[in-house]
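Down below is the structure, laid out as structure tokens.
Note on naming: letters A, B, ... go to the chains in the order of the sequence lines (proteins, then strands), and numbering restarts at 1 for each one. Given the structure is predicted, the values throughout are model-derived calculations rather than measurements.
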Protein chains: 4
Amino acid sequence: MLTKTQFKIIEAFKRLIIENGYSKTTTKRIAELAGVNESTIFKNFKDKEGLMNAAVDQFLIEAVDITKDLEMSGDVEKDLINLSRRYQEFVASHQAIVLAGFRETFEISKLNEAVQRVPIHFKKLLIAYFEELQSENRISSSISIESEVMNVIWLNFGYFLTKNRFQDSSLDYNLDYFLENNIRNYASKLTFRE
Amino acid sequence: MLTKTQFKIIEAFKRLIIENGYSKTTTKRIAELAGVNESTIFKNFKDKEGLMNAAVDQFLIEAVDITKDLEMSGDVEKDLINLSRRYQEFVASHQAIVLAGFRETFEISKLNEAVQRVPIHFKKLLIAYFEELQSENRISSSISIESEVMNVIWLNFGYFLTKNRFQDSSLDYNLDYFLENNIRNYASKLTFRE
Amino acid sequence: MLTKTQFKIIEAFKRLIIENGYSKTTTKRIAELAGVNESTIFKNFKDKEGLMNAAVDQFLIEAVDITKDLEMSGDVEKDLINLSRRYQEFVASHQAIVLAGFRETFEISKLNEAVQRVPIHFKKLLIAYFEELQSENRISSSISIESEVMNVIWLNFGYFLTKNRFQDSSLDYNLDYFLENNIRNYASKLTFRE
Amino acid sequence: MLTKTQFKIIEAFKRLIIENGYSKTTTKRIAELAGVNESTIFKNFKDKEGLMNAAVDQFLIEAVDITKDLEMSGDVEKDLINLSRRYQEFVASHQAIVLAGFRETFEISKLNEAVQRVPIHFKKLLIAYFEELQSENRISSSISIESEVMNVIWLNFGYFLTKNRFQDSSLDYNLDYFLENNIRNYASKLTFRE
DNA sequence: CATGAATGAGAGTTCATTCAT
DNA sequence: GATGAATGAACTCTCATTCAT
């Protein structure tokens, strides 16, 4: 679908928006980094927003498979850790788009919409998962699924952004530590009383 | 400390960076919105970064009092809700700076540093709080304070950013709902077994 | 004639035009260096050109006395050295105006006119001097006075500008060396055959 | 080496710096005079200083040939006149750079260095010439070569600047007059006693 | 009489984009 | 299908100058 040239341009673009943000990423620098002429960008993607849209399309295609082959065992701790790992891996490998979605203001509608898909997808998945657990009496029926689901999402989300935006060591944790401690800890309480 | 003119300029600036981000906020539009001549901005703040620094200074001054008069009752649910409310109120009323801290890349060092202060402050406060609770046996000694503290922070953080960046209704919660459900729910588990 | 404030401003102005030239000397920096408010300059001198004119006026007043008390002995070498020393001392102590006269283009008519006065004055003086020498048969009657006079002027002029504009050591001579060698050497030939 | 566009821009630039000096020559006016868009200047020369550097480079290339094919006959008058003519022709055809070198203060180091090359070159050449004359006993061995050489340079230099900067008729001489009178007169004395 | 605050014009420069080839 | 050259709009910032006090 993408020609070699287009691929090179998008890769350069993504790398630069991670470093500098969308506004500060100039077409000139994209061209330099991609090793093409600046006007080639416009030939291929019409304008800068077109390039963003192409990058978002790529993101969306891969986002479809975000939870593919993810099996739920019914062991809450294990499942939430796996799910969180999936999420973290996905956003890490799509840093450019995810961060751009946060940093940029609302002009690029496609970007906005795309970035929201991920949490929405996870939310649905988690709701279904918790409902099943509840129907099987594996977690207390008194639990507010909506609350728990959003908390899992926010935890993951907070972790991702902290990791990406803060350099202070007191706020920095690596992924495995996060999963093994923060997520496990959180998950453990869901089944606490059983 | 700030003259009337300086105040007007900073207010205009903050409003515009919320809407458009720092890069896209032009000195011309700031001047228009503030009702001053464009060069007045430079007379007063040297350059655009100087204006940002002035806004950050204002933020830092107010950040000092962020948890002033906040009393901890020892009732975990109540305390975490109060603390979270404080946090959410603070970041909401300093949206411009907090969001800019996230959106902008690392060129404006003062901004970066400033924005990190808030979570660091809350982290310290929460650690002290949990340690005291533990020493008084009000929460289980087996709890990993570090984990719990970061989870509280990430929950709040995730909520704030979701609220500010996502328009999708399925991800939108108002503050009171968040506090009464998500935070209370989270807090309740800390004392579950007692 | 000049108030203290005016004096300070003119001194600052002259120092800065030596360093940076007229265009690059900003009223802001003049004010800083003079220790006055920027608008005080405009109160006192109307505009920047008015300030230049005031500096030129000062120059012209002092230029009147440029060869005051200068006695000619009739000894050509001695006299040309003395005259050259006068010239060099004068232009050295009025560097700001003399250099500005060279560097600036012709917008400031007063400056142009003023700076030309010095060589014109010396030219007249030298012509009278050589004519007298010739009438007294102290130098050959075949000598072209016009030529000799202009050569003396250009020698002095060339020396002054080289000294002020070139840093290369191979082109740098101190004043006494110049007078004792170049001027004496030149003068000696005028009387050579006698 | 230079494209047509670059050539046009440099020509316009040189013309304008002669008229107005470097600082007052705006990129806008250069563009107008060159018949190109203002930003074309920046595309081609990076910035205003880059344009100056390009003009200086051009100057330096031509400066290499400054005394090419100049043959010395051994006839001092003739040789110094030829040499002076060469010098005057070169600086006349490179007025823009030579004058800029004098007018501008020392920020543009390349310009400074370049402008000094010309007198340094002539100085070396003249020293070698006089030494040869001396070794052949065509001029007195008592002559101070250093003095004579610098005097020739200063004479030429003084003439050039007077011509370019002074409008007063009493100081204005055309080139041939200068060469035939002032230089010949000067040269004649070097061989006077022979 | 000097100041502090404000201004308008214009400077150099950058940017996304277009057009001829 | 990609390039090189050129563009126009916009940007940050500087400057001499003015005005109210």
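- The separation between C/Glu38 atom CD and F/dA20 atom C1' is 17 Å, rounded to whole Å.
- One atom, CD1 of B/Ile30, and another, C1' of E/dA6, lie 17 Å apart when rounded to the nearest Å.
- Put simply, C/Asn44 has a side-chain N or O that comes within less than 4.0 Å of OP1 or OP2 on E/dA2.
- The minimum heavy-atom distance between D/Ile97 and D/Val115, with the atom names listed, is O-CG2, 3.6 Å.
- Base pairing analysis places E/dA20 opposite F/dT3; the two distances defining the Watson-Crick or G-U wobble pair are each below 3.5 Å.
- In terms of heavy atoms, B/Lys48 sits closest to B/Thr25 at NZ-O, 3.0 Å.
- Rounded to an integer number of Å, the gap from C/Asn37 CG to F/dC19 P is 16 Å.
- Remark: A/Lys110 does not engage A/Glu113 in a salt bridge, criterion side-chain N to carboxylate O under 4.0 Å.
- One finds a side-chain N or O of D/Thr5 lying less than 4.0 angstrom from the OP1 or OP2 phosphate oxygen of F/dA6.
- Between D/Glu49 and B/Gly35, the residue anchored nearer the 5' end of DNA chain E, judged by the nucleotide with its closest heavy atom, is B/Gly35.
- With rounding to whole Å, B/Ile41 atom CD1 is found 11 Å from F/dC13 atom C1'.
- Backbone-only contact: C/Thr25 has heavy atoms under 4.0 Å from sugar-phosphate atoms and none from a base.
- Applying the 4.0 Å criterion to OP1 and OP2 of F/dG8, one finds that D/Ser39 has every side-chain N and O outside that range.
- Using a 4.0 Å cut-off, no side-chain N or O of A/Lys43 falls inside it from OP1 or OP2 of F/dG1.
- Here A/Glu11 pairs with A/Lys14 in a salt bridge; the nearest charged N to carboxylate O distance falls below 4.0 Å.
- Straight-line distance from the NZ atom of D/Lys48 to the C1' atom of F/dT14: 13 Å, rounded to whole Å.
- Each of A/Val36 and B/Lys46 was assigned the nucleotide of DNA chain F with the nearest heavy atom; the assignment lying further toward the 5' end belongs to A/Val36.
- Look at C/Thr27 and you won't find any side-chain N or O under 4.0 angstrom from OP1 or OP2 of F/dT17.
- B/Leu2 has its CG atom 13 Å from the P atom of E/dA5, to the nearest Å.
- Among the atoms of the strands shown, none is found under 4.0 Å from any heavy atom of D/Ser23.
- In this structure, C/Met52 places its CE atom 14 Å from P of F/dA16, rounding to the nearest Å.
- Rounded to an integer number of Å, the gap from CZ of C/Phe42 to P of E/dG4 is 16 Å.
- At F/dA10, none of the side-chain N or O atoms of B/Thr26 fall inside 4.0 Å of OP1 or OP2 (strictly under the cut-off).
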Can you list the steps and then say if A/Ile108 with A/Tyr22 is a side-chain contact (heavy atoms from CB on, under 4.5 Å)?
CA-CA 11 Å; A/Ile108 305 171; A/Tyr22 176 77; 3.7 Å; yes
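- Checking E/dG10 for Watson-Crick or G-U wobble geometry (two distances, each under 3.5 Å) identifies F/dC13 as its partner.
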